[in-house]
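Worth saying up front: this structure is predicted, and the values here are computed from it rather than measured. In what follows, every chain begins at residue 1, and chains take the letters A, B, ... in the order their sequences are listed.
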Amino acid sequence: MTSRRDFVKSLSGAAFLALAGRTGLRAAAADSNEIIPGKEGMIVRSRRFLDLETPVEFMSTWITPTPHFYVRNHMFEPANINAQKWSLSVGGEVEKPFTFTLADLSKMEQHEVVNTMECAGNGRSLQNPKVPGIQWGKGAVGNARFRGPRLRDVLQKAGVKTGGKHVMCRGLDVVPGNVPPFIRSIPIEKALDTDTLVALEMNGAPLTRNHGFPARVLAPGWVGAASCKWLTEVKVLDKEFEGNFMSPGYRFPNQPGKPGEPVKPEDTHPMTSLTVKSLIATPSDESNLKSRSTKIQGVAWAGDAEVKSVDVSTDGGTTWQAAQLGKEQARYAWRQWSYEWKPAKPGTHVICSRATDSQGRTQPQEAVWNPSGYLYNVIDRIQIHVAA
Amino acid sequence: MSQRKIVVFAIAVMLSATPLFHGQNSQSNSSSELPAGAMQQKASDACLVCHDATIIVQQRLSKAAWVKEVDKMVKWGAAVDPQDHDPLVEYLSVNFGVDRPAYQPAYSAANKTKK
């Protein structure tokens, strides 16, 4: 009988790149020249499955170019989808199940939404105590233009029955082993919202495979997990979908708990909107600067709410000054902000940014810890070394 | 034992039947290897069928947390013999425990062509 080791060796070499040799743990921060088609200069959190993070320095434009937009996959991206043969089925609690081709969707009235999409787990590596999962730093977030027919219009073609409470979205992710498929549902109110799309385009071009070609849901202002990629089925349900990625996945504690302590599923709720947050894009953390005027820049967002202000501190949070918000804005899009700083003295300075939103929320000093490390939105901090 | 081998084989057939991980670079050599140790090969065999080593090596978890993760992975199809469970947890805890230095990720190539 073939040994386990021989069996493993017989598999695709590409599938077992990580198995080469027995030389031990490779040195860190290596391999900076790996080409990932369609992506440029991204932080590689995982190759298989593909999870790529945007360096914060790339967050210096209102629209994040697609090559710099973060990628999050729980499973394998589907193989080349034939757009001519692809279809989207709509069923469940509807008057008449309907199937759309890509051409059908393209002919419907199109709507554009500029949306800041963020992975629920962005910032997870900054949680303390540590939690399992993709150890995102700050960059699982980006802002892009999404375009496509409204999901509301797609559903209305089938006719939603009054018993419809949730809308399940299923994609063509390739599921390994016994892993539960990545299927989630969103409340009917969000599905029927005027800005919720079946997006076909991102930043003026058809969705790339990384971002859900040929169609994905766009649930603006909500955690990225609500925007199902490689969409193939939409099903209206009379209740929330029951599956791993609705529970225990993607749930947030109803009340803050003690860091490190488990939380019972019944004491959690499904994640929906993002929360208020800001990031410092430039200068980079641990930069060396000369003692002259420097523009500190970044971005701020608030999910369903709007950013009202961003404050900057150059003394580690002791005093705060208002930053200037950028001109470009859209309901679900981040705001750029900037602050001109002339260091009063040389040495190390801790720069902080803190956003406040229209709901009165502001970024906290300490994280609201939870076992999955979701929704980290602590005041952003970097260190700058100013030369004399 | 044989049922686990069937699961592993089925996964491998599925993966080898689909184009190379769907857009991921087939020539990539950036996947981190798992560290040397008595459980290195068994960890590789059990874990790297479904995902690469990077997902593992970036974690910094307590032993109790590693128990939970290994149990979840077994439930999701990872082939781990019962007698290897505790040694595997120990291997992961030692190499990727909370006191280990922070993981430094790799970066993908930057496109030097101006658009």
Side-chain angles (χ1 to χ4, degrees), chain A residues 4-5 7-8 10-12 14-26 28-53 55 67 76-80 125 129-135 137 174 176-180 209-210, chain B residues 5 7-12 14-16 18-36 40-42 44-45 48-55 57-62 65 68-69 75-79 95 98 101-111 115:
Chain A
R4 192 189 301 274
R5 183 176 173 182
F7 167 70
V8 162
S10 72
L11 296 178
S12 162
F16 286 94
L17 294 171
L19 291 178
R22 289 187 174 187
T23 56
L25 191 61
R26 182 176 292 180
D31 304 317
S32 60
N33 292 320
E34 180 186 1
I35 296 170
I36 297 180
K39 293 295 174 185
E40 302 169 5
M42 302 292 279
I43 303 168
V44 182
R45 292 295 173 190
S46 172
R47 282 297 274 117
R48 182 170 61 86
F49 319 114
L50 190 63
D51 293 301
L52 302 176
E53 179 177 338
F76 297 116
E77 297 179 352
N80 297 315
S125 68
K130 296 291 184 194
V131 299
I134 296 296
Q135 298 297 306
V174 176
N178 297 332
V179 178
R209 179 165 52 197
N210 291 154
Chain B
K5 283 193 174 177
V7 170
V8 172
F9 180 75
I11 294 170
M14 179 186 71
L15 293 178
S16 59
T18 52
L20 176 73
F21 303 123
H22 326 298
Q24 297 176 19
N25 185 0
S26 63
Q27 304 306 315
S28 166
N29 61 357
S30 70
S31 298
S32 301
E33 299 160 342
L34 290 177
Q40 182 196 33
Q41 191 61 56
K42 289 189 176 182
S44 298
D45 292 350
L48 304 187
V49 171
C50 287
H51 58 73
D52 70 13
T54 313
I55 292 176
V57 304
Q58 66 188 265
Q59 307 299 326
R60 294 294 181 264
L61 301 175
S62 66
K68 284 186 183 173
E69 288 308 294
K75 186 177 158 189
W76 285 0
N95 287 290
V98 294
Y103 172 71
Q104 300 297 327
Y107 281 64
S108 70
N111 186 344
K115 292 190 170 70

## Note on the structure
Interface check, chain B: of A/G137, A/P132, A/G38, most non-hydrogen pairs under 4.5 Å belong to A/P132
### Task
Drop me the distance from A/I43's CD1 to B/Y107's OH, to the nearest 0.5 angstrom.
4.0 Å
### Task
Would you indicate whether the side-chain heavy atoms of B/I55 and A/F49 approach each other to under 4.5 Å?
yes
### Max heavy-atom pair count under 4.5 Å with chain A, selected residue of B/K75, B/E69, B/K68
B/E69
### Message
Less than 4.5 Å apart, side chain to side chain, heavy atoms only: is that true for A/P176 and B/W76?
### Response
no
### Task
Output all residues satisfying side chain to side chain contact (heavy atoms under 4.5 Å, CB included) with A/V131, sequence neighbours left out; order by chain, then residue number.
A/R124, A/W369
### Query
Which answer fits B/Q58, side chain, backbone, both or neither, if we ask what part of it has an atom under 4.5 Å from a heavy atom of chain A?
both
### Summary
In this structure, SG of B/C50 is separated from CZ of A/R48 (nearest 0.5 Å) by 8.0 Å
## Note on the structure
Across all chains, not counting sequence neighbours, the side chain to side chain contact (heavy atoms under 4.5 Å, CB included) partners of A/S125 are A/Q135
### Structural part of A/P55 lying under 4.5 Å from a heavy atom of chain B
side chain
### Query
For the residue pair A/V44 and B/P105, what are the closest heavy atoms and their distance?
O-CB, 3.8 Å
### Message
If you apply the rule side chain to side chain contact (heavy atoms under 4.5 Å, CB included), what do you find for A/I35 with B/S108, and how did you get there?
### Response
CA-CA 6 Å; A/I35 296 170; B/S108 70; over 6 Å; no
### Interatomic distance, B/Y103 atom OH to A/R45 atom CZ [nearest 0.5 angstrom]
8.0 Å
